[in-house]
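What follows is a short report on a single structure.
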Amino acid sequence: MADYLLAGSWKLGAEACQFWVITDILMCTVSIIAIVMVSYDRFIYLVWPKFYASGWKQYILGSVMILIPWVVGLGLVLPLWLNGQSMHQESDCLVILNRDFKIVSCFVSFFVPAFFAICLNFSVLLMLCVLRRRWQERRVPSAKRPARQILTVALVSLVFVVMWLPFFVLMMLQALNIDEGIPARMLELSIWLGYLNSGVTPMLWLICCRKKPEKRPDDTMRSMIEDLNDDTEMREIN
């Protein structure tokens, strides 16, 4: 990718071009849907904490959440692979799609998952504010641990959406044929901004989820479920 953008031409052949385009679309789609799954996991963690008390249910849910991003991603890119559309033209490596498929792919691979990720994280943060008040009233010492995890997921989701949004907006403008006056360089910069997210996200996880030494090790063993065992059903929270 770096050689292609810097040199201005594709020199690796048609097969490598097709492989790169397919994997590029697949990885981006899997990444955003995986963020939706993680956000949904935190949502279940707050709304239905007793669900995690059953080990087999937790493993089943985890397996499903891992499979869903790959199933959706493969369902999106397999038509590109099976249709055998030309992706390599002279010195360029690009996807040749009709207008309708390009619009659908933008919504499936980014806009719809991003919408759900934002809504889920917003709901989780609202519930977290309510729970923190209850934790403070009950003087729960380990309330900071789940709060940090939830805030980290929300931050990672927000950064991902912000860094990939310019690229998909430009792609949508191209699909609608209203991209006149937008320089080609801007599209390249938007691609680099999206790829940069792959380096930013691990750093956010590392910084935000870094463990700090606790003065009371017995408290660190408490889970969010244990903190909420005596609480009322979370579904009653408005």
Side-chain angles (χ1 to χ4, degrees), residues 28-54 57-58 61-62 64-66 68-69 72 107-169 193-194 196-212 214 219-238:
C28 181
T29 304
V30 170
S31 297
I32 182 61
I33 298 180
I35 287 179
V36 176
M37 294 296 101
V38 174
S39 302
Y40 181 71
D41 176 73
R42 296 301 88 188
F43 181 81
I44 295 295
Y45 204 35
L46 285 177
V47 176
W48 195 9
K50 293 183 179 180
F51 179 87
Y52 285 90
S54 177
K57 290 182 180 179
Q58 183 177 357
L61 179 62
V64 172
M65 288 183 174
I66 292 174
I68 287 178
V72 175
F107 274 95
V108 172
S109 62
F110 182 77
F111 290 112
V112 173
F115 174 78
F116 279 106
I118 292 173
C119 290
L120 282 171
N121 281 284
F122 183 73
S123 300
V124 168
L125 291 175
L126 287 179
M127 287 188 290
L128 179 61
C129 293
V130 175
L131 288 174
R132 284 182 67 88
R133 291 183 181 179
R134 296 189 178 186
W135 287 332
Q136 291 174 357
E137 293 174 358
R138 299 183 180 192
R139 298 181 180 179
V140 178
S142 60
K144 293 182 180 179
R145 294 177 60 243
R148 177 181 293 182
Q149 296 171 4
I150 291 170
L151 292 174
T152 301
V153 172
L155 179 60
V156 169
S157 302
L158 178 63
V159 171
F160 184 95
V161 171
V162 170
M163 296 186 73
W164 274 106
L165 182 62
F167 170 75
F168 282 95
V169 169
L193 182 63
L196 182 62
N197 178 259
S198 298
V200 172
T201 297
M203 295 301 297
L204 290 177
W205 286 115
L206 179 64
I207 295 173
C208 298
C209 293
R210 183 175 53 185
K211 293 183 178 180
K212 295 182 179 180
E214 298 284 348
D219 289 336
T220 62
M221 300 302 294
R222 291 172 58 89
S223 67
M224 189 175 185
I225 301 171
E226 294 170 328
D227 294 338
L228 299 177
N229 275 340
D230 299 327
D231 206 345
T232 57
E233 288 292 333
M234 293 299 100
R235 297 185 183 186
E236 298 178 0
I237 299 176
N238 296 322

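Basis for what follows: all heavy atoms, side chains included, without hydrogens, waters or symmetry-related copies.
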Ala114 to Val161 - nearest heavy-atom pair and separation: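 Closest pair (atom of Ala114, atom of Val161, distance): CB-CG2, 3.9 Å.
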
Exercise: identify the closest heavy-atom pair between Val124 and Arg42: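 Heavy atoms only, the tightest pair is CG2-C, 4.2 Å.
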
[X]: partners by side chain to side chain contact (heavy atoms under 4.5 Å, CB included), with sequence neighbours left out:
X      : value
Thr201 : Val156, Asn197, Trp205
Phe167 : Trp164, Met171, Leu187, Ser190, Ile191
Val30  : Leu26, Pro69, Trp70
Ser109 : Thr29, Leu76, Phe168

Could I get the full list of ring pair (Phe, Tyr, Trp, His ring centres under 6.0 Å) partners for [X], not counting sequence neighbours?
X      : answer
Phe43  : none
Phe122 : none
Phe111 : Phe107

Residue pairs, two or more places apart or on separate chains, that pass side chain to side chain donor-acceptor pair (under 3.5 Å) and touch residues 117-130: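 Sorted pair list: Ser39-Asn121, Asn121-Ser157.
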
Point-to-point distance, once rounded to the nearest 0.5 Å, from CD1 of Ile35 to CE of Met37: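 If I round to the nearest 0.5 Å, the distance is 11.5 Å.
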
Inter-residue atom distance Leu204.CG - Phe160.CZ, 0.5 Å rounding: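 So the CG of Leu204 and the CZ of Phe160 are separated by 12.5 Å.
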
Non-hydrogen side-chain atoms of Ile33 and Phe116 separated by less than 4.5 Å: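 A side-chain contact is absent here, since even the closest heavy-atom pair is not under 4.5 Å.
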
Residues Ile118, Leu158; criterion side chain to side chain contact (heavy atoms under 4.5 Å, CB included); working and verdict: CA-CA 7 Å; Ile118 292 173; Leu158 178 63; 5.9 Å; no

